[in-house]
Amino acid sequence: MREIELPLPGRDLSYRLVIEPGLRHRLGPLLSPFRFPPQVVVISDRRVARLYSAEVLGSLTAAGLTPVLLTTPPGERAKAWGVVPRLARELLARGTHRRTPVIALGGGVVGDLAGFLASIFMRGLPFIQVPTTLLAMVDAAIGGKTAINLPEGKNLLGTFHQPRMVVIDPEFLRTLPRAERLNGLAEVLKAGFIRDRDLLARLDAAGAGVFGDEAELTDTIYRAAAIKAQVVSQDERESDFRRILNFGHTLGHGLEQASRFRLPHGRAVAWGMVAALTLSERLAGLAPAEAEWGRRLICGFDLCRPLPELNPEAVMAALRLDKKRQETGVPFVLLPRLGATVIRDGVPLDLVAAVLGKILGEGARGFS
Ligand code: ADP
Ligand code: ZN
């Protein structure tokens with residue numbers, strides 16, 4: 001079992017991220033050092049629960065715990081305000097008290113929702129992350145951000161609530177649909193681009209075969225998770241350093257918004273990274289051959305399919321409205337070389353528009 005230790009911000013304590021195939025069968029013993037009271041709450045979506053709740057609850061029960069399973073519908077719509085009081089009242093009905101741990105078993109949606117609930121219920125319950133999507137394993141489950149959506153936008157209500165432990169079992173990915181794998185892969189690529197060129201080289205060698213090779217997959221998740229862990233532990237609240245995690249996301253968010261969130265996050269971020277590589281060539285001195293290698297790597301994973309009906313004006317409008325916009329232009333995370341970052345706060349809008357036009361053109365021709 002491999003581990004990453006993360007500091008708890010502002011306190012002289014830490015928590016562990018552990019990773020190994022099969023860990024879902026060992027959740028009970030992993031939790032025993034915490035000496036939680038017998039009742040534990042597992043929150044999952046119905047799809048994940050159908051696949052994995054028997055194994056996970058079985059492991060908890062075998063360790064002498066009394067798990068209670070609460071489920072939500074799968075998908076983003078579970079991150080809604082109305083779901084929070086419903087779950088909270090179910091917790092009350094089951095006799096939950098301040099020391100009852102909440103275990104999030106699912107993707108980023110379940111983690112965000114369960115973490116939000118755990119952070120506010122009776123002013124905070126202990127929280128455990130058991131991510132089941134690649135995106136959650138390498139990104140969403142690490143860093144302590146929780147959130148739900150409002151009709152006006154995503155993640156508008158949220159808190160910071162660090163988990164007591166993050167338990168990663170790569171075997172969960174055996175059942176993950178291909179489109180969801182690609183969403184996570186975009187974040188793995190992002191981790192490589194900002195901090196680990198060697199991870200990129202390994203992804204290049206493995207190609208899509210990475211999902212068929214459990215040892216390689218485990219190592220890939222470990223390395224990407226370690227990068228996220230390293231960044232967030234230096235800067236919990238995104239004042240500056242954490243912004244490097246936005247690589248590919250500036251334009252990515254614009255594309256998502258312009259598509260009214262029909263474009264999957266991974267494909268939006270992939271195109272955002274393709275654009276950021278081109279901007280890095282122009283503004284940060286990235287060698288053209290490296291930028292081209294990076295773009296081919298991203299698109300080799302089938303992340304660069306065309307962007308039908310995406311109106312460049314709508315994308316630019318979303319960028320102008322972004323809360324992180326500065327007077328002088330758009331902030332971008334750029335790469336002076338692959339594996340290193342520099343933040344440019346004032347990338348001129350007309351330059352962004354030109355690169356966007358190129359991408360939408362290439363996308364329209366089925367660039368890959
Ligand atoms: P993300 O982690 O990208 O935020 P979600 O939490 O919305 O995504 O999960 C995406 C979809 O994948 C949901 O429909 C969820 O039920 C499903 N899912 C999550 N984990 C697994 C898994 N291990 N196997 C199969 N389906 C899964
Ligand atoms: Zn992302």
Side-chain angles (χ1 to χ4, degrees), residues 21-24 42-56 71-80 83 103-116 129-143 145-149 154-155 158 166-194 211 214 217 221 224-225 227-228 231-232 238 242-257 261 263-273 276 298 303 324 333:
L23 278 190
R24 69 191 180 286
V42 177
I43 299 183
S44 194
D45 72 40
R46 285 200 252 289
R47 185 170 182 189
V48 175
R50 186 160 40 77
L51 289 163
Y52 296 110
S53 64
E55 289 171 346
V56 167
T71 60
T72 62
E76 190 73 24
R77 72 203 151 104
K79 279 175 63 172
V83 178
I103 300 171
L105 174 68
V109 165
V110 167
D112 277 4
L113 171 71
F116 183 71
Q129 289 270 22
V130 184
T132 65
T133 64
L134 180 57
L135 184 135
M137 290 175 187
V138 301
D139 188 17
I142 306 165
K145 281 188 177 181
T146 84
I148 58 169
N149 304 328
K154 285 194 178 191
N155 299 330
V166 181
V167 179
I168 299 181
D169 179 353
E171 287 178 5
F172 283 127
L173 304 183
R174 290 174 179 171
T175 53
L176 192 69
R178 185 168 174 279
E180 301 297 339
R181 290 179 178 189
L182 285 177
N183 279 336
L185 195 59
E187 306 292 351
V188 174
L189 287 163
K190 179 190 80 177
F193 278 115
I194 62 177
F211 288 102
E214 209 127 83
L217 182 61
I221 297 166
I227 291 164
K228 170 96 191 222
V231 174
V232 297
E238 198 163 5
R242 193 169 173 154
R243 286 169 68 197
I244 70 173
L245 297 170
N246 286 336
F247 177 67
H249 284 61
T250 312
L251 193 60
H253 286 149
L255 295 168
E256 279 183 306
Q257 274 176 30
F261 292 93
L263 184 63
H265 186 68
R267 286 175 56 204
V269 170
W271 279 117
M273 293 191 293
I298 297 166
L303 280 161
K324 289 165 191 150
V333 180

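This one's a predicted model, so the numbers in the text were calculated from it and none came from an experiment. Order of listing sets the numbers, starting from 1, for every ligand and every atom in it. If you read the sequence from its start, that first residue is 1, and numbering goes on from there. Atom set for the values below is all heavy atoms of this structure, side chains included, hydrogens, waters and symmetry mates excluded.
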Please work out which of [options] has its closest non-hydrogen atom nearest to [atom].
| atom | options | value |
| --- | --- | --- |
| atom 10 (C) of ligand 1 | Lys79, Arg174, Glu180 | Glu180 |
| atom 15 (C) of ligand 1 | Asp169, Leu113, Asp112, Asp45 | Asp45 |
| atom 1 (P) of ligand 1 | Ala78, Gly111, Gly108 | Gly108 |

Pick one: which of Leu105, Leu23, Leu51 meets side chain to side chain contact (heavy atoms under 4.5 Å, CB included) with Phe172?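 Option passing the side chain to side chain contact (heavy atoms under 4.5 Å, CB included) with Phe172: Leu105.
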Looking only at protein heavy atoms, which one is nearest to [atom], and how far off is it?
| atom | answer |
| --- | --- |
| atom 14 (O) of ligand 1 | Arg47 NH1, 3.5 Å |
| atom 21 (C) of ligand 1 | Leu176 CD1, 3.5 Å |
| atom 9 (O) of ligand 1 | Thr133 CG2, 3.8 Å |
| atom 18 (N) of ligand 1 | Val48 CG2, 3.7 Å |
| atom 22 (C) of ligand 1 | Thr175 OG1, 3.6 Å |
| atom 26 (N) of ligand 1 | Pro177 CD, 3.8 Å |
| atom 7 (O) of ligand 1 | Val109 CG2, 3.2 Å |
| atom 23 (N) of ligand 1 | Phe172 O, 2.9 Å |

Report the distance from atom [atom1] of [X] to atom [atom2] of [Y], rounding to the nearest 0.5 Å.
| X | Y | atom1 | atom2 | result |
| --- | --- | --- | --- | --- |
| Met273 | Leu189 | CE | CG | 5.0 Å |
| Met137 | Gln129 | CE | CD | 11.5 Å |
| Leu176 | Phe211 | CG | CZ | 8.0 Å |
| Asp112 | Ile148 | CG | CD1 | 10.0 Å |

Which atoms of ligand 1 have any heavy atom of [X] under 4.0 Å away?
| X | answer |
| --- | --- |
| Tyr52 | 23 (N) |
| Gly107 | 2 (O), 6 (O) |
| Leu51 | 24 (N), 25 (C) |
| Pro74 | 14 (O), 16 (O) |

What pair of heavy atoms forms the shortest contact from Gly111 to Ala104, and how long is it?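 Closest heavy-atom pair between Gly111 and Ala104: CA-CB, 3.9 Å.
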Side chain to side chain contact (heavy atoms under 4.5 Å, CB included), that's the test. Do Phe193 and Ile298 meet it? Break it down for me. CA-CA 10 Å; Phe193 278 115; Ile298 297 166; 3.7 Å; yes
Test the Arg24-Tyr52 pair against the cation-pi criterion, namely NZ or CZ under 6.0 angstrom from the six-membered ring centroid and within 45° of the ring axis.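 Relative to the ring axis of Tyr52, which defines the angle, Arg24 lies outside at least one limit.
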Are side-chain heavy atoms of Leu113 and Val83 found at a separation under 4.5 Å?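 Yes - at least one pair of side-chain heavy atoms lies under 4.5 Å apart.
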Can you tell me if Asn246 uses its side chain to pair, donor with acceptor, with the backbone of His249 under 3.5 Å?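 No, the answer is negative, given that no donor and acceptor are paired below the 3.5 Å cut-off.
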Report yes or no: does Lys79 contribute a side-chain atom to a donor-acceptor pair with the main-chain N or O of Asn149 at less than 3.5 Å?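 No, Lys79 side chain to Asn149 backbone: no donor-acceptor pair under 3.5 Å.
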Before you tell me yes or no, could you show the steps for Leu134 and Val188 under side chain to side chain contact (heavy atoms under 4.5 Å, CB included), namely the whole-Å CA-CA distance, both residues' side-chain angles and the distance that decides it to 0.1 Å? CA-CA 9 Å; Leu134 180 57; Val188 174; 4.3 Å; yes
Under 2.8 Å from the Zn ion (ligand 2) - protein N/O/S, by chain and number: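 You should have found Glu187 OE2, His249 NE2, His265 NE2.
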After noting the C-alpha distance and the side-chain angles of Leu173 and Ile221, does the key distance pass the side chain to side chain contact (heavy atoms under 4.5 Å, CB included) rule? CA-CA 11 Å; Leu173 304 183; Ile221 297 166; 3.8 Å; yes
